[in-house]
Amino acid sequence: MQELSVRHLLGIKDITAEDIQLIFETADNFKDVLNRPIKKVPSLRDITIANVFFENSTRTRLSFELAEKRLSADVINFSSSGSSVKKGETLLDTVNNILAMKVDMIVMRHSSPGAPHFLSRHIDANIVNAGDGTHEHPTQALLDSFSIREKLGEVAGKKVVIIGDILHSRVALSNIFALQKLGAEVMVCGPVTLLPKYIKELGVKVEFDVRKALAWCDVANVLRIQLERQQMKYFPSLREYTLYYGIDKKMLDSLDKEIVLMHPGPINRGVELSSDAADSHHSIILNQVENGVAIRMAVLYLLASKQ
Ligand code: CP
């Protein structure tokens, strides 16, 4: 049996193109399972997984929980709000107490970049990073590339633009690593204040004009403006952002080709995307969500086999 090269999924930076292909092929099989009347397999029957969330989530948290249940794992959910973290308990103490209850794997979302990497140096259980601050969100990037592969046949050679708040986005960084490992050309587009200074060192194209970016690409992955992570004003107003970088259906329809529209969610409707664009035939946003369950099943299954 083929194996992943890692025992934790901390970031796309740490895994190989072969790892990504293995995850995709495994996810193909699990997607078939999810389309059957009985959507459950006994693969992780002896495994207990804790979903440890120190930050808000809808899609990632529910998708992991469903993936774990479809694999017949035992699941416990921890949310920092309402927990003893509020009494001053440390991250390591919290996780060690969860592991003392005979838990095998930790899926963690945390607002601090590097929090899952820190944990991986102190605990034996497999760790899956479900988003660490502005750093990485590996399963989001995997499901995004998997969705491009499903829609366009392959990722290699495709032109993908990531539009919006690149500076605060863990989705952007993980997508750049995943798309490049799979052979896509990557462009980022946004106001100069929302692009990191080091961005060109990652080997991506940079474009400030969203219309030129849309004319160039096969796929546009539009990001949310992360107001909760912004310590200062990066643009004059949301209204001005929408005027220069907002995408609506008319812009997509006026292109002389079909492009695929993606968004990791949650969408700020009327800011980065109009409702008519988000809900149009160009959009595969809900396919991304659907594919997230199969991708997370694949990741958990492959990591469990490394125990
Ligand atoms: N895409 C994503 O990570 O969404 P949530 O924050 O709802 O999990």
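As the structure is a computational prediction, the values presented were derived from the model and not from experiment. Note that ligands are numbered from 1 as they come in the structure, with each ligand's atoms numbered from 1 the same way. The basis for the numbers below is simple: all heavy atoms, side chains too, and nothing from hydrogens, waters or symmetry mates.
Under the 4.5 Å side-chain criterion, counting only non-hydrogen atoms from C-beta, Lys151 is not in contact with Asn287. Side-chain contact between Ile295 and Phe24 is present, with at least one heavy-atom pair separated by less than 4.5 Å. Within the 4.5 Å cutoff, the side chain of Val103 has heavy atoms near those of the Thr48 side chain. The side-chain heavy atoms of Val160 and Val155, taken from C-beta on, include no pair separated by under 4.5 Å.
At under 3.5 Å, not a single nitrogen or oxygen of Arg170, backbone or side chain, sits near a nitrogen or oxygen of ligand 1.
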Please list every donor-acceptor pair under 3.5 Å in which a side-chain atom of residues 64-71 meets a protein atom from a residue at least two apart or in another chain.
| residue | atom | partner | partner atom | Å |
| --- | --- | --- | --- | --- |
| Glu65 | OE1 | Asn77 | ND2 | 3.1 |
| Glu65 | OE2 | Lys69 | NZ | 2.7 |
| Glu65 | OE2 | Asn77 | ND2 | 3.3 |
| Glu68 | OE1 | Asn51 | ND2 | 2.8 |

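Residue Asp144 forms a side-chain hydrogen bond (donor to acceptor under 3.5 Å, both in side chains) with just one option from Asn175, Thr139, Asn291, and that option is Asn175.
The closest approach between a heavy atom of Gly265 and any atom of ligand 1 is below 4.0 Å. Under the 4.0 angstrom criterion for non-hydrogen atoms, Arg109 is in contact with ligand 1.
For atom 2 (C) of ligand 1, the closest non-hydrogen atom on the protein side is Thr60 OG1, 3.5 Å. Atom 4 (O) of ligand 1 has Arg59 NE, 3.0 Å as its closest protein atom, hydrogens excluded (heavy atom only). Atom 1 (N) of ligand 1 has as its closest protein heavy atom Pro264 O, 2.8 Å.
Applying the 4.0 Å criterion to heavy atoms of Gln140 picks out, from ligand 1, the atoms 1 (N), 2 (C). Interface of Thr58 with ligand 1, defined as ligand atoms under 4.0 Å from a residue heavy atom, comprises 5 (P), 7 (O), 8 (O).
Among His137, Arg61, His263, the residue whose heavy atom lies closest to atom 3 (O) of ligand 1 is His137.
Proximity of the aromatic rings of Phe30 and Tyr301 is defined here by a centroid distance below 6.0 angstrom, and this criterion is met.
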